[in-house]
2 protein chains.
Amino acid sequence: MTMLDERTKKILYAVVENYINFPDPVGSRTVAKSYSFGLSPATIRNVMADLEEMGFLLQPHTSAGRVPTDMGYRFYVESLVAESAFLHKEPLRELYKRLATLRDNIDILFSETTKTISTLSHYLGIAMSPKPEVTTLKKIELLKYKDDKIAAILFTDEGMIKNKVISLGAEVTQKDLNRIAGYLNSEFSGHTFDEIRQKVVQEMSKEKIMCDRLISRALKICQEAFYFLYGDLFVSGLSEVLDLPDFTDLNKIKELSRAIEDKHTIIKLLDKLSELDGVQIIIGSENSMDEMKKFSIVVSACKEGDRPIGVVGIIGPTRMNYSKAIYIVDNTARFITRILAER
Amino acid sequence: MTMLDERTKKILYAVVENYINFPDPVGSRTVAKSYSFGLSPATIRNVMADLEEMGFLLQPHTSAGRVPTDMGYRFYVESLVAESAFLHKEPLRELYKRLATLRDNIDILFSETTKTISTLSHYLGIAMSPKPEVTTLKKIELLKYKDDKIAAILFTDEGMIKNKVISLGAEVTQKDLNRIAGYLNSEFSGHTFDEIRQKVVQEMSKEKIMCDRLISRALKICQEAFYFLYGDLFVSGLSEVLDLPDFTDLNKIKELSRAIEDKHTIIKLLDKLSELDGVQIIIGSENSMDEMKKFSIVVSACKEGDRPIGVVGIIGPTRMNYSKAIYIVDNTARFITRILAER
DNA sequence: ATTAGCACTTAACCACTGAGAGTGCTAAAT
DNA sequence: ATTTAGCACTCTCAGTGGTTAAGTGCTAAT
């Protein structure tokens, strides 16, 4: 990381903070006045010119003040994280009370969590249940549904319940289903969905096993049941962000709405992030998705031991109140982690 | 309905259609030219002035052409419906093929349907599963989940599967759960969720019954299970509508996004509409929700016999291609109805 | 090294203008 | 009695120029 002397840093932080609070390019005069450095605007100007040269700031046009670049925000955020500035605040427990009552129904819990996050932050709240790769099966139940159709109910260790209707092509009795379920549970419970998929493919290639009608049927059911299950992504608060001065540009709105409608790419991104610990921050162009290069993401995984059981976070403009965002995300993730652990 | 002579009607329709195709106020010249009435602009002007007086058209400003009012659109749409203009087109079967494969998992079916509708129409696609008032219980299964928690799996005649985790406060064996489920099924299957809720309240007031530990426990489970289940609303295609010239106004976008984020009010509206047959159209100010007074809604219920099993539709600007919208909604609703019936 | 002073740049605002589109009205034509 | 041509009028829109205010970079003095 580039080394900056203390004074230069302070001025950079001042610019960033001022811009976060007031969405106008900030000039040397403003910095000199509001942050009592005991320096004249002229000196500040020199420093700001240096900062611009180094790529931390830029001028929208010659006669305007400066605005942080993504690199500028990054530098600022690193200092926040280093000082854990966001930890010095009150926890939000009060506001989460309602969420605690939803602990047993994880989908609703996550979707409500996004609403809480978005009203708290005035940015987009996001939450995602774990990706199937790491979801471990607790129990599978098979219920006769109608004619040749059965319902497979999958219980995961993370507390999700997924159900899927499967057409078998031939009627099966509930008794048989119970035996099949018993077999599947003994074989697969405790394994991740990914492992199960692989195992199924392996097993199905063995001829001996496939001769057993029951087992072969069981494996086919399994293949169906675990096919194309993915983490659910919840997003809310679009109307919140539309009130921000950052979103007066119609194109930016379009990009954002395209990004959140094409959930797939966001899911992929969050999947990656869900493996890391603590609050993760991605600022503007650091983002690999094109549609997201004008936005920042602040997320944190909820973990049970080492296993991720969900991700919560915020999407907002790069001109985001990172301190507040980190604080909210960190608190929420800890809270969700806690109530899911107590479950 | 106001009586208009044939020529006046034709001119009104011409204005509406032109405006739907080109989003600029339409002038007398344009009408005279493009719709070969054999009339001069001056005559058209007189007629248009009449139409304005009657409230079918209005001028954004003195020197502009005319734009239809909601009443103008209404009159136009009535004529479309009367002639079933939208029926003379090819059915969309090809495009629906993918949807048919999802018939067993109604939530995914509905959410994918909204995507299909929005890409076809370039407006917002909406779909909703039936409200609990009319949803009838097919079967309830109770599964032991963890400690004192059980999972209730509700199968409905409409093909939905809902699950809910319930804390009992005391452990119960799976055997007991099966007996409880048996009791609940014999009592309640075939009834709507609403009826069940009422019945539960009634039963619970009878002292004799509540003495039976099993039954009292069963009723408590039921009360929990059927509490706060509501129809799921799916919406997609926001990025589609943002490309329309009607949505250059940021405020309009805000209103729309507020409306679709506050799903509750839309759900209430669709609930009402789901009881009616055929395509229902609500134009702008006809809408009772304030946030929706600048938009139009075209919906159709999917029914199995008399029972609504879902609603599909479109939300778009009042300057909507109603003919196309009606056509898409009508076709989609019929298609969904059909594949759900074959199920 | 810092700062005061000053010339310079630019966006934002405003008033003004002319072109263009479309109207309503009146008087002529059918 | 309708329809139409003609014309004056109205209003938006895009472009122009001038002014202001903010903020800069540079230079020379501190």
Side-chain angles (χ1 to χ4, degrees), chain A residues 4-12 14-19 21-69 72 245-246 248-249 319, chain B residues 4-12 14-19 21-69 72 245-246 248-250:
Chain A
L4 297 181
D5 75 75
E6 207 53 34
R7 193 182 71 176
T8 315
K9 271 193 211 168
K10 284 260 172 63
I11 290 177
L12 174 56
V15 173
V16 175
E17 269 168 21
N18 203 282
Y19 187 59
N21 291 325
F22 312 96
D24 301 301
V26 6
S28 53
R29 221 182 106 86
T30 318
V31 176
K33 267 201 173 172
S34 10
Y35 295 83
S36 50
F37 287 109
L39 291 175
S40 78
T43 314
I44 309 271
R45 269 205 292 285
N46 285 323
V47 179
M48 282 165 82
D50 294 346
L51 283 167
E52 174 155 22
E53 221 163 64
M54 293 185 277
F56 293 110
L57 297 178
L58 69 78
Q59 282 181 291
H61 55 85
T62 328
S63 76
R66 257 85 174 194
V67 158
T69 59
D246 309 75
T248 28
D249 181 15
R319 188 191 72 85
Chain B
L4 297 181
D5 75 77
E6 207 53 35
R7 193 181 71 176
T8 314
K9 272 194 210 168
K10 284 258 170 63
I11 289 177
L12 173 57
V15 173
V16 175
E17 267 166 23
N18 204 283
Y19 187 59
N21 292 324
F22 313 97
D24 303 299
V26 7
S28 54
R29 223 182 104 86
T30 319
V31 176
K33 268 200 173 173
S34 12
Y35 296 83
S36 52
F37 287 111
L39 291 175
S40 77
T43 314
I44 309 271
R45 270 206 291 287
N46 285 322
V47 179
M48 282 165 82
D50 293 346
L51 282 167
E52 175 156 21
E53 218 164 66
M54 291 185 280
F56 293 108
L57 299 178
L58 68 79
Q59 282 180 292
H61 55 86
T62 329
S63 78
R66 256 86 174 194
V67 156
T69 60
D246 309 76
T248 29
D249 180 15
L250 191 63

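Below, chains carry the letters A, B, ... as their sequence lines are ordered, and counting in each starts from 1.
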Just the table, please: protein N/O against nucleotides 10-13 of chain D N/O, every pair under 3.5 Å.
residue	atom	partner	partner atom	Å
dC11(D)	OP1	T62(B)	OG1	3.4
dC11(D)	O2	S63(B)	OG	2.8

All N/O contacts under 3.5 Å from nucleotides 28-30 of chain D to the protein, with atom names and distances to one decimal?
none

Residues forming a side-chain contact (heavy atoms from CB on, under 4.5 Å) with F37(A), sequence neighbours excluded: K10(A), I11(A), A14(A), V31(A), Y35(A), L39(A), I44(A)
Where chain A begins and ends its contact with DNA chain C, read 5' to 3' at 4.0 Å from heavy atoms: dT2(C) to dA11(C)
Residue-level proximity of residues 22-43 of chain B to DNA chain D when a heavy atom falls under 4.0 Å: G38(B), L39(B), S40(B), A42(B), T43(B)
Any residue meeting salt bridge (charged side-chain N to carboxylate O under 4.0 Å, His left out) with R45(B), in chain and number order, not counting sequence neighbours: none
Five-pair end axes of the helix from dA1(C)-dT30(D) to dT30(C)-dA1(D) and the angle they enclose, rounded to 10°: 20°
Any residue meeting side-chain contact (heavy atoms from CB on, under 4.5 Å) with K33(B), in chain and number order, not counting sequence neighbours: R29(B)
For T30(B), side chain to side chain donor-acceptor pair (under 3.5 Å) partners two or more places apart: none
Mind listing the side-chain donor-acceptor pairs of residues 49-59 of chain A below 3.5 Å, one per line with the distance, residues two or more places apart or on another chain?
residue	atom	partner	partner atom	Å
E52(A)	OE1	R66(A)	NE	3.0
E52(A)	OE1	R66(A)	NH2	2.8
E52(A)	OE2	Q59(A)	N	3.4
Q59(A)	NE2	T62(A)	O	2.9
Q59(A)	NE2	A64(A)	O	3.1

Partners passing side chain to side chain donor-acceptor pair (under 3.5 Å) against S40(B) (at least two apart in sequence or in another chain): T43(B)
Residues which pass side chain to side chain donor-acceptor pair (under 3.5 Å) with T69(A), listed by chain and number, not counting sequence neighbours: none
